[in-house]
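Down below is the structure, laid out as structure tokens.
In the text below, chain A, chain B and the rest are named by the order of the sequence lines, each starting its count at 1. Excluded from the calculations below are hydrogen atoms, water molecules and symmetry mates; all remaining heavy atoms, backbone and side chain alike, are included. Quick caveat: nothing in here was measured; it's all calculated off a predicted structure.
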Amino acid sequence: MDSKFAQHARRRVMFLDGAMGTSIFGHNLSVEHDYCGCENCTDVLVRTRPDVIQSIHESFLAVGADAVETDSFGASRLVLAEFGLADQTYDLNKRAAEVARAACDRFSTSDKPRFVIGSMGPGTKLITLGNTDWQAMHESYREQARGLIDGGADALLLETCQDLLQVKCGINAILAALAERGRTHEQVPIMVSLTIETTGTMLVGTSIEAAVAALWGYPIFSLGLNCATGPTEMAEHVAYLGKHWGATGGRAGGAAQRLVSVLPNAGLPILHEGRTEYPLRPEPFVEAMLRFVDRHGVGLVGGCCGTTPEHIGLLISAVGQRPAPAASGPAPRAAVASLYSPQEYRQDSSALIIGERCNASGSKKFRQLLEAEDWDGIVSLAREQVRHDSAHVIDINVDYAGRDNARDMAEVVRRVVRQVDVPLMLDSTQTATLEAGLRQAGGKCVINSANFEDGPEKFDAACDLARRYGAGLVIGSIDEDREASMARTAQRKLAIALRGFERATRAHGLAPADLMFDPLVLPVSTGLESDRRSALETIEGVRAIAQQLPECQTTVGLSNVSFGLRPAARVVLNSVFLHELRAAGLTSAIMHFSKILPRTKIDDAHWDAALDLIYDRRGKGGDAAFDPLTRFVGLFKDSQSAAPVRTAAELSLEERLQRHIIDGEKEGLEATLADAMRRYPPLAIINDHLLAGMKVVGELFGSGQMQLPFVLQSAEVMKLAVAHLQPHMERLGGSAKGTIVLATVKGDVHDIGKNLVDIILSNNGYRVVNLGIKQPIGDIVRAWREHGADAIGMSGLLVKSVTVMEENLRELNAQGVSAPVLLGGGGADAGVLRGPPARPVPGAGLLRPRRLRGPAHHGPPGERARPGAGRRDRPARRQALGR
Amino acid sequence: MLEPARGGGGDADQPRPAQLEAGQLEAAQLEAAQLEAGRLGQGRPTPNGPPSGITHDHTIPTPPFWGSRAVTGIDPALVEQFINKVALYRGQWQFKQGAMSEEDFLAQVHDTVEPIFRRLSADLPARGAVAPAVVYGYFPCNSDGDDLIVWDPASLRPGAVGPGGARLRQLERFTFPRQATRQRLCISDYFLPASCGRPDVLAMHCVTVGRGATEAAQELFRRGDFAEYLYVHGYCVEAAEALAELWHKRVRQELGIASDDAPRVRDLFTQKYRGSRYSFGYPACPDMSDQGTLFRLLDPSRIGCQLTENWQIDPEQSTSAIIVHHPKAKYFAI
């Protein structure tokens, strides 16, 4: 039975209150007495000054608000702990609800009941940013929810949400607290209100589209927006919510109308007299809100920071009595989501491509990265699959004996989720490992997988994870059958899928569109009688599932079909198999997509042979001896085309050393160096091979084929390699081609250009003494003498610094310093050279100052493009880098 | 690097404005004799308006306060929105298209560069490396020929400027150069002349993302995370620039002249708004020593900014400017 609040909200547009915080700051309260010394901890006022809080509630009720939010925005355990008030969490929340209840009771009538909405803010710590973890936040919210429920809240509102993990965690905590009290979310509705910053996304970068996709499956009574901006800036996001969240349906069991709430600030804040003020007057505020109600079907309206009883009163009289909005459109197409953006399950022109390479059981490379705990390497591998394999989703499987899989999963997901903008498929046989990953992923993942091999309990555990963390779920066609748990026939594949569907949707309330059935692919390549029909049965299984469960998704681990064949044969068989599966209705596949060829790239003989194998056409054309497997394997007997790119292992040792540098590849560097040290002394490795790599890097950069960040990555590898080799070298620094003292001159604070020169020189075999910024000439000369340097480099950004350089050159001449001098920086252009003094450099003639191109200095835009800037760049780069 | 200023001012083919204006000295002296207030007349006023022909047909905005204020605790996410991504990606980070196809380059920006930006936008503020702070202010002012006189707001009373009026106390005086040719522009021309008897308003700001930016970058450089060093340094430089852009917008809002602003942030980077913002050392006002004047007026030490002996701001990721509200004011070069 729906709560009275829900019944009213589903009948008519409801009015919430305005600002609590700004209203409190309007009162002159004593930090010592009212705040108990905890300045800005407004939540404590429900105990010390319930009169003030109640009067604020009443000021909004008096102008007609239907509901008020409790003064408990920051009263979660995590926040109160910062004030040393953690042990008061429950009491303060209960009290907050009671104070609001008392205010409401004074105004409630049978026609117009007033409601208490328990406010739960985001706190000061976010999981995605690594400030706290799921467990701590869950405890924190659960205790807050308990207090609010016990104090008589009619609904709970997770507001000002900045991170989807926070929302998911909060909902779970509220559900847990409700369960403890024998209540349900129908009795105490859960409302969620997101904050979209002026940037157009949530704080951690999540778009409104991704948020809707990720939260779609949760029992959320209303989803909306509050804070950060005024109503005008929210318009496009409100429109999206109205159109897509406001739609009916999608939840199993015929969900009721989803409501949309909007509680903006009174405009963007301005600073006045040292205080933040919200400038938007009630009239323009109401005008914008009225549009939301009229056009976008917003059913719950109120205000956030800076909105006064005047704003709310005018809003109520302008909107008046009107029925709750009707469902406005079709549900959004089912989707998963990265932390940032959504990805629909159904692609228009291809299968949903799930990258298979971050898999410890399938990829040796991934396993090695995992063993080395090279997390950056893992992120690179994930990213590479998006870039080169067009992956829409990435499968992550860290199941590897002897390691803490749950920890690994958390480490990998935490990084990948923020750095790679695709949704993740978390792949493990262990519930704990899956859960560790889910607790780090703010978007909407897919869980891979649930099955009945160990009976319904484990299946239920996976379904429960999908429900709690709002994930999609792969259901594999495996059951308890002792003889053949993996379904081999299309019929059994379908039967298990139907059983899984029933249980997942009926018992666990998962949405059909979030279920992804994997009929299981077994190799067709073994020659065993039992495997001959593997591909065929899978195709028919997919066809049957797609027909019977059209709302659901299907997926396969594609390359398993060709296990054991030569690489070239695998490419063809996998490609043809995918083609047939797609025709049968397959919606997604876990695969290495860059190794899939289109029909036009496979010659007919190969294509037909693959079809014969897939459809087990033994005895084709009356030839009883015809065996499609023998025929197919025979076609690729002499094929060398399998590996178009040589793998690292095939390169010579010398090439591998260079590749590490040129590719900026840290992964496997130590192993390569270990190999190299068996053949060469460390010094030769550096001088003959690694520096040769840097030379190529310099040439690539000089010719515009390599971008600066990648040059720097190469330098990072060089530095690592040298650091690795140094302990094995007899003397340090003996390899230096020369020593240079570098400094940014007196009065100048800019050092990026100089530091880039340092990076390039020191990783090309020179020794660099980098003095830093604001260096007087005396210190430069001292360092030059002390280190016996061969050259001096001076840098500075502004024209004034060039004057300093000129003075420095005179001083160097006066002191008889014989070293060549390199000048660099913004002002050091050709014009400088026209002026005095051109320094004679013994033995080298005149050394012309050169500019290494560095990043531009900031300044008013539009003045950036100065004629002539950059015309000397190319030769300069070559000179600095190509040595 | 792009040099923000032309060299020294000593090029023979560009005479100093003072030499050009020699014929007007007499008129200036005449008018100076009529003036009572302070040292009016030092800036070679021109009786028939400035040589640039700039007039003042607009309403002079009223600032929300006079004097200066320090603002901290600015939301880094707001600053992020004003970051010029073209300048950051291509200028600072040096992701350039080079030999790549347009398509490949856009894919690189989408797949590689944008995620770096998002990651830094989340990480740097959380680590305290981007802690935006601003000092800004509004001062009554008037032009006096090529000079711009900044009055003490404390001495401001209705009708208090100009010949015969009650005296305004002069706080500072800028002398801006005038174009020798073309339109013969000079920044001072954008402000009401002292002779008209009422004050104009000069806004200025000094913004910083804080010392944490420099420290975070240095740490990466020391650790050998060179690419990350480039990213963090560049991000913070552009964040400082973004903060200047953001606060310039705030000033326009406070002056009530923001209605001419282009709706898209990226159009603000090409001055699609009323007025202009000039930083010292750039072509319209190349004299860096004016920084000293600005620092005396704003006292940016309140947000941790100091001037070096060469008038650069320390910490590095900081910038300052004067803000001109005149609708005709745009960038120009002397």
Side-chain angles (χ1 to χ4, degrees), chain A residues 129 197-199 203-205 270-274 340 383 386-387 418-421 704-705 707-709 712-713 715-716 719-720 746-750 752-753 755 759 774 797-804 825-827 829 831-832 851 853-864 866 869, chain B residues 1-8 64 69 71 77-78 80-81 84 87 91-96 98-99 107 111 115 118-119 121-122 126 221 224-227 229-231 233-234 237-238 240-241 253-254 269-271 277-279 281-283 288 308-312 314-316 319 321 331:
Chain A
L129 298 185
E197 306 289 339
T198 46
T199 53
L203 183 68
V204 299
I270 54 169
L271 288 141
H272 184 235
E273 304 287 342
Y340 307 111
R383 199 181 280 144
V386 179
R387 205 183 300 152
R418 290 179 63 185
Q419 297 185 47
V420 186
D421 185 11
Q705 295 176 66
Q707 297 161 322
L708 183 61
L712 297 181
Q713 281 173 12
E716 288 174 20
K719 185 174 168 136
L720 269 183
K746 183 181 70 170
D748 200 319
V749 298
H750 299 91
I752 181 89
N755 286 346
I759 291 166
K774 299 195 280 190
L797 185 82
L798 299 180
V799 169
K800 178 68 186 158
S801 295
V802 177
T803 318
V804 175
D829 205 342
V832 182
R851 294 171 57 212
R853 183 167 179 77
H857 168 56
H858 54 72
E863 300 195 16
R864 286 172 197 280
R866 296 266 297 145
Chain B
M1 282 183 204
L2 299 181
E3 62 278 33
R6 58 185 297 280
R69 284 178 182 174
V71 184
L78 198 55
E80 178 203 328
Q81 193 193 2
N84 183 339
Q92 299 292 342
W93 292 350
Q94 300 271 305
F95 283 106
K96 301 200 166 170
D111 297 342
R118 282 198 297 263
R119 176 168 60 76
S121 294
F221 176 65
D225 288 345
F226 299 136
Y229 166 58
L230 180 75
Y231 298 147
H233 177 273
V237 167
E238 290 302 330
E241 196 50 41
Q253 288 169 333
E254 292 188 354
F269 303 146
T270 49
Q271 293 203 293
R277 175 172 97 252
Y278 301 97
S279 284
Y282 280 79
M288 286 292 287
T308 71
E309 56 263 60
N310 289 347
W311 302 289
Q312 293 191 22
D314 188 10
E316 182 193 342
T319 185
Y331 292 137

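Heavy atoms closer than 4.5 Å to chain B are found in both the backbone and the side chain of R387(A). Of the atoms belonging to V804(A), it is side-chain heavy atoms, and not backbone ones, that fall under 4.5 Å from chain B. For chain B, the nearby parts of T198(A) are the backbone and the side chain; heavy atoms of each come within less than 4.5 Å. Using a 4.5 Å cut-off between heavy atoms, A77(B) touches chain A through backbone and side chain atoms alike. Within the 4.5 angstrom heavy-atom criterion, only side-chain atoms of E197(A), from C-beta onward, approach chain B.
One finds the CG atom of D314(B) at 10.5 Å from the CG atom of D748(A) (value rounded to the nearest 0.5 Å). Considering NE2 of H750(A) and NE2 of H233(B), their distance stands at 7.0 Å, rounded to 0.5 Å. To the nearest 0.5 angstrom, I752(A) atom CD1 is 9.0 Å from F221(B) atom CZ.
Looking at Q94(B), its side chain never comes within 3.5 Å of a backbone N or O of L708(A) through a donor-acceptor pair. The main-chain N or O of K746(A) is found under 3.5 Å from a side-chain atom of N310(B) such that the two form a donor-acceptor pair.
Among G224(B), P115(B), S121(B), P315(B), the residue with the largest count of heavy-atom pairs under 4.5 Å with chain A is G224(B). When each of E254(B), R119(B), R118(B) is checked for heavy-atom pairs under 4.5 Å with chain A, R118(B) comes out on top.
Heavy atoms only, all atoms of each residue included: E316(B) and V749(A) are closest at OE1-O, 3.5 Å.
Applying the side-chain contact (heavy atoms from CB on, under 4.5 Å) test to Q253(B) and every residue at least two apart in sequence or in another chain returns K249(B), R250(B), A258(B). Applying the side-chain contact (heavy atoms from CB on, under 4.5 Å) rule to A122(B) yields the partners L129(A), R418(A); only residues at least two apart in sequence or on another chain are considered.
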